[in-house]
Structures are given as C-alpha cells and as structure tokens.
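Encoded as structure tokens, the structure appears first; notes follow it.
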Number of protein chains: 2
Amino acid sequence: MIKSCEPNNENYSCPIEKTLSIIGSKWTLLILRDLSNGTKRFGQLQKSLKGISPKTLSSRLQELEKEGIIIKKVYPEVPPRVEYTFTPKGERLRKIVLALADWGSEDHTALGV
Amino acid sequence: MIKSCEPNNENYSCPIEKTLSIIGSKWTLLILRDLSNGTKRFGQLQKSLKGISPKTLSSRLQELEKEGIIIKKVYPEVPPRVEYTFTPKGERLRKIVLALADWGSEDHTALGV
DNA sequence: CTGCATCCCTAAGGATACTG
DNA sequence: CAGTATCCTTAGGGATGCAG
C-alpha cells in the first residue's frame with residue numbers, strides 16, 4: 001500500500017517522489033543501464049549514450065554520486081582517467097532497472113494482457 | 001546484461017528506452033502510485049495528485065490506456081463517472097513501482113551502503 | 001464530472017568552445 | 001581525457017475557459 005503524499009508533507013515524504021527526484025531526468029536510467037555492464041569511463045558513457053552532451057552527462061553523474069548510487073574513481077594520470085561504478089545501493093537500484101527492462105521487452109501483441 | 005542501443009536501431013530497440021517512453025514523463029509514476037491502492041476516478045486522481053492540471057492528467061491517462069497498462073471504464077450516467085484500473089500488464093508494472101518505492105525509502109544514513 | 005482547446009512559460013538539455 | 005562555462009532552443013506542463 002503506497003500512500004499519496006499528504007498535502008502538508010514537503011521534501012519528498014513519499015518514496016516514489018524521492019525516487020523520481022533521483023532517477024527522473026531524461027538520461028539517468030540510460031546511464032544506469034550502461035553502467036549495468038560494469039565500470040565505465042566518462043568517454044565510454046558519452047559514446048554509448050549516443051546524443052548526450054558532456055554537460056548533461058557530467059550533471060547526471062554528479063547527482064548519482066551525491067545520492068550514493070555510483071562511485072567516481074579518479075586515476076592521477078595524464079591524460080586523466082575517471083571510472084564510474086555502482087555502490088551497493090546502486091546495485092539494488094540496478095536490479096529494479098533490470099526489472100523495468102524485462103517489463104519493457106514483454107510481448108505486447110495481446111494488449112493489456 | 002543490458003545492451004546499449006545500437007546507433008542504427010531506431011524506435012526503442014532497447015527495452016529501457018521503450019519503458020522510459022511510457023513511464024518517463026513527470027506524473028506517470030505518481031499516477032501509477034495512486035492507482036496502486038485500487039480503482040480510482042478522474043477527480044480522485046486529480047485530488048490526490050495535488051498540483052496536476054486536468055489536461056496533463058488526461059494526457060497521461062490516455063497514454064497509459066493506449067499502452068495497455070490501465071483500463072478506462074465509463075459509466076453512462078449524468079454527471080459522468082469514469083474509473084481507471086490496472087490491466088494485468090499494469091499489475092506487473094505496479095510491482096516494479098513498489099520496488100522503486102521500497103528502494104526510495106531505504107535508510108540512507110550510511111552513504112553508498 | 002470529465003476532459004478538450006488555447007495560450008503561455010520555464011527549466012531541462014543541446015551545441016560549442018575552452019581548460020587542467 | 002574529463003569535464004566546465006555560455007548561450008540558446010524546445011517541448012512538457014501550468015492556468016484557464018468551455019463543452020457534453
């Protein structure tokens with residue numbers, strides 16, 4: 001039983017709203033999808049997420065890091081290398097993303113079934 | 001293992017993109033949340049989704065109906081009564097929405113754990 | 001009550017150039 | 001390579017009025 005948010009409850013009292021605030025933007029789920037196959041670098045993500053701008057990718061990654069979903073590892077080399085990996089919390093989210101993918105790939109020929 | 005979308009694959013070859021195209025807009029997940037507690041009328045939804053405009057609610061409901069996620073039942077009364085309920089396909093999606101809610105309500109004090 | 005039609009507005013992203 | 005800084009565009013929604 002999920003409760004709707006009470007009118008006087010602010011700042012994501014409702015878990016769905018909180019989740020939405022984290023993964024609700026355009027590219028986030030796709031980033032998680034691509035990270036699902038293992039650690040990736042900034043450039044790799046930019047390539048696999050055909051069409052994303054570096055600005056947006058950077059923003060989304062920062063959000064995910066701040067939320068404790070991914071970890072950013074910087075190698076002090078030149079040229080710089082940066083890798084992104086799921087945290088345990090991210091791993092749990094990943095499972096759900098996989099479920100969404102499964103759901104999305106169901107056969108829909110029999111509408112509504 | 002989720003594959004990224006191949007550059008030359010169009011129209012949501014990737015399940016996540018397809019799912020995103022269905023539930024990706026601002027209110028959809030919240031509508032599903034509120035429908036999670038059982039059949040609801042248009043007006044009920046508009047009330048529990050504090051802030052949504054009738055235009056948007058109408059659009060999202062139509063999309064969900066077209067995708068076979070919910071069923072719209074119209075009672076030929078006056079004033080009109082309309083009810084929205086999950087289809088079996090919608091029920092499966094509902095389970096995942098519940099999982100997202102669970103994930104969102106986890107304790108995040110220990111960041112990344 | 002349900003839900004279109006209109007008009008309007010803002011914030012999320014795109015494109016690009018630049019730096020450590 | 002991995003971003004940041006700027007500028008600019010657009011489409012998703014908000015508000016409102018009206019209709020069956």
Side-chain angles (χ1 to χ4, degrees), chain A residues 5 7 11-12 16-35 38-67 70-85, chain B residues 5 7 11-12 16-35 39-67 69-85:
Chain A
C5 296
N11 298 89
Y12 313 128
I16 292 282
E17 286 193 359
K18 182 173 177 51
T19 302
L20 219 45
S21 75
I22 298 174
I23 64 161
S25 41
K26 185 176 178 185
W27 289 97
T28 308
L29 238 38
L30 301 177
I31 293 176
L32 296 181
R33 171 199 66 188
D34 287 4
L35 241 34
T39 298
K40 286 232 165 56
R41 305 178 55 168
F42 189 93
Q44 288 182 296
L45 287 171
Q46 198 173 7
K47 229 166 295 171
S48 57
L49 297 165
K50 204 66 187 175
I52 197 173
S53 68
K55 168 191 158 191
T56 301
L57 179 54
S58 179
S59 300
R60 297 296 85 80
L61 288 172
Q62 283 180 28
E63 288 175 10
L64 290 173
E65 192 192 3
K66 181 178 301 180
E67 292 296 334
I70 62 175
I71 284 191
K72 172 182 181 173
K73 186 165 186 184
V74 182
Y75 295 84
E77 311 170 352
V78 45
R81 181 161 57 110
V82 177
E83 290 182 347
Y84 295 93
T85 320
Chain B
C5 296
N11 299 87
Y12 313 128
I16 293 281
E17 286 194 359
K18 180 173 180 51
T19 302
L20 220 44
S21 74
I22 298 175
I23 62 161
S25 41
K26 184 176 177 184
W27 290 98
T28 308
L29 238 39
L30 301 177
I31 293 175
L32 296 180
R33 171 200 66 187
D34 287 3
L35 242 33
T39 299
K40 285 232 164 57
R41 303 178 55 168
F42 189 91
Q44 288 182 296
L45 287 171
Q46 199 175 4
K47 229 165 298 172
S48 57
L49 297 165
K50 205 65 187 174
I52 195 172
S53 68
K55 168 192 157 191
T56 302
L57 178 54
S58 180
S59 300
R60 296 295 87 78
L61 288 172
Q62 282 179 29
E63 289 175 7
L64 290 173
E65 193 193 2
K66 182 178 300 180
E67 291 295 335
I69 293 169
I70 62 175
I71 284 191
K72 171 183 183 173
K73 185 165 187 184
V74 182
Y75 295 84
E77 311 169 355
V78 47
R81 180 160 58 109
V82 178
E83 290 182 348
Y84 296 92
T85 320

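Values below: every heavy atom of this structure, side chains too, minus hydrogens, waters and symmetry copies. The chains referred to below are lettered A, B, ... by the order of the sequence lines, with proteins before strands, and numbering in each begins at 1.
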For a quick test of reading the model, state the closest non-hydrogen atom pair linking [X] to [Y] and the distance between them.
{"X": "A:Gln46", "Y": "A:Pro54", "result": "NE2-CD, 3.5 Å"}
{"X": "A:Leu30", "Y": "B:Glu17", "result": "CD2-CG, 3.6 Å"}
{"X": "B:Pro80", "Y": "B:Arg41", "result": "O-NH2, 3.7 Å"}

* Indicate whether any N or O donor in one side chain lies under 3.5 Å from an N or O acceptor in the other, for B:Tyr84 and B:Glu65. =>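 There is no such pair between these side chains.
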* Asked: Do A:Ser53 and A:Thr56 have side-chain N/O donor and acceptor atoms under 3.5 Å apart?
  ->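 There is such a pair (donor and acceptor under 3.5 Å, judged by atom type) between the side chains of A:Ser53 and A:Thr56.
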Using a cut-off of less than 4.0 Å, is there contact between a side-chain N or O of [X] and OP1 or OP2 of [N]?
{"X": "B:Gln62", "N": "C:dG3", "value": "no"}
{"X": "B:Gln44", "N": "C:dC1", "value": "no"}
{"X": "A:Arg41", "N": "D:dA2", "value": "yes"}
{"X": "B:Tyr84", "N": "C:dT2", "value": "no"}

In whole angstrom, what separates [X]'s [atom1] from [N]'s [atom2]?
{"X": "A:Leu45", "N": "D:dG3", "atom1": "CG", "atom2": "C1'", "result": "13 Å"}
{"X": "B:Glu77", "N": "C:dT2", "atom1": "CD", "atom2": "P", "result": "10 Å"}
{"X": "B:Lys40", "N": "C:dT2", "atom1": "NZ", "atom2": "C1'", "result": "17 Å"}
{"X": "A:Leu61", "N": "D:dC1", "atom1": "CG", "atom2": "P", "result": "17 Å"}
{"X": "B:Ile31", "N": "D:dG12", "atom1": "CD1", "atom2": "C1'", "result": "14 Å"}
{"X": "A:Phe42", "N": "D:dC1", "atom1": "CZ", "atom2": "C1'", "result": "9 Å"}
{"X": "B:Lys50", "N": "D:dA15", "atom1": "NZ", "atom2": "C1'", "result": "15 Å"}
{"X": "B:Glu83", "N": "C:dC1", "atom1": "CD", "atom2": "P", "result": "15 Å"}

* Asked: Taking side chain as C-beta onward, heavy atoms only, is B:Gln44 less than 4.5 Å from B:Ser48?
  ->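 No. Closest side-chain heavy atoms not under 4.5 Å.
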* Asked: Is there side-chain contact between A:Trp27 and A:Leu49, with heavy atoms separated by less than 4.5 Å?
  ->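 Heavy-atom side-chain distance check passes, below 4.5 Å.
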* Asked: In degrees, rounded to 10°, what is the bend between the two ends of the helix from C:dC1-D:dG20 to C:dG20-D:dC1, using five pairs at each?
  ->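 Roughly 60°, once rounded to the nearest ten degrees.
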* **Nucleotide-resolved protein contact map, nucleotides 12-20 of chain C, B/S/- at heavy-atom distance under 4.0 Å** => -BBBB---B
* Test: A:Glu63 and A:Lys66 ion pair at under 4.0 Å ->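 No, no charged N to carboxylate O under 4.0 Å.
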* To do: Sequence neighbours left out, what passes side-chain contact (heavy atoms from CB on, under 4.5 Å) with A:Val78? Give chain and number order.
  =>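 Checked A:Val78 against side-chain contact (heavy atoms from CB on, under 4.5 Å); zero matches.
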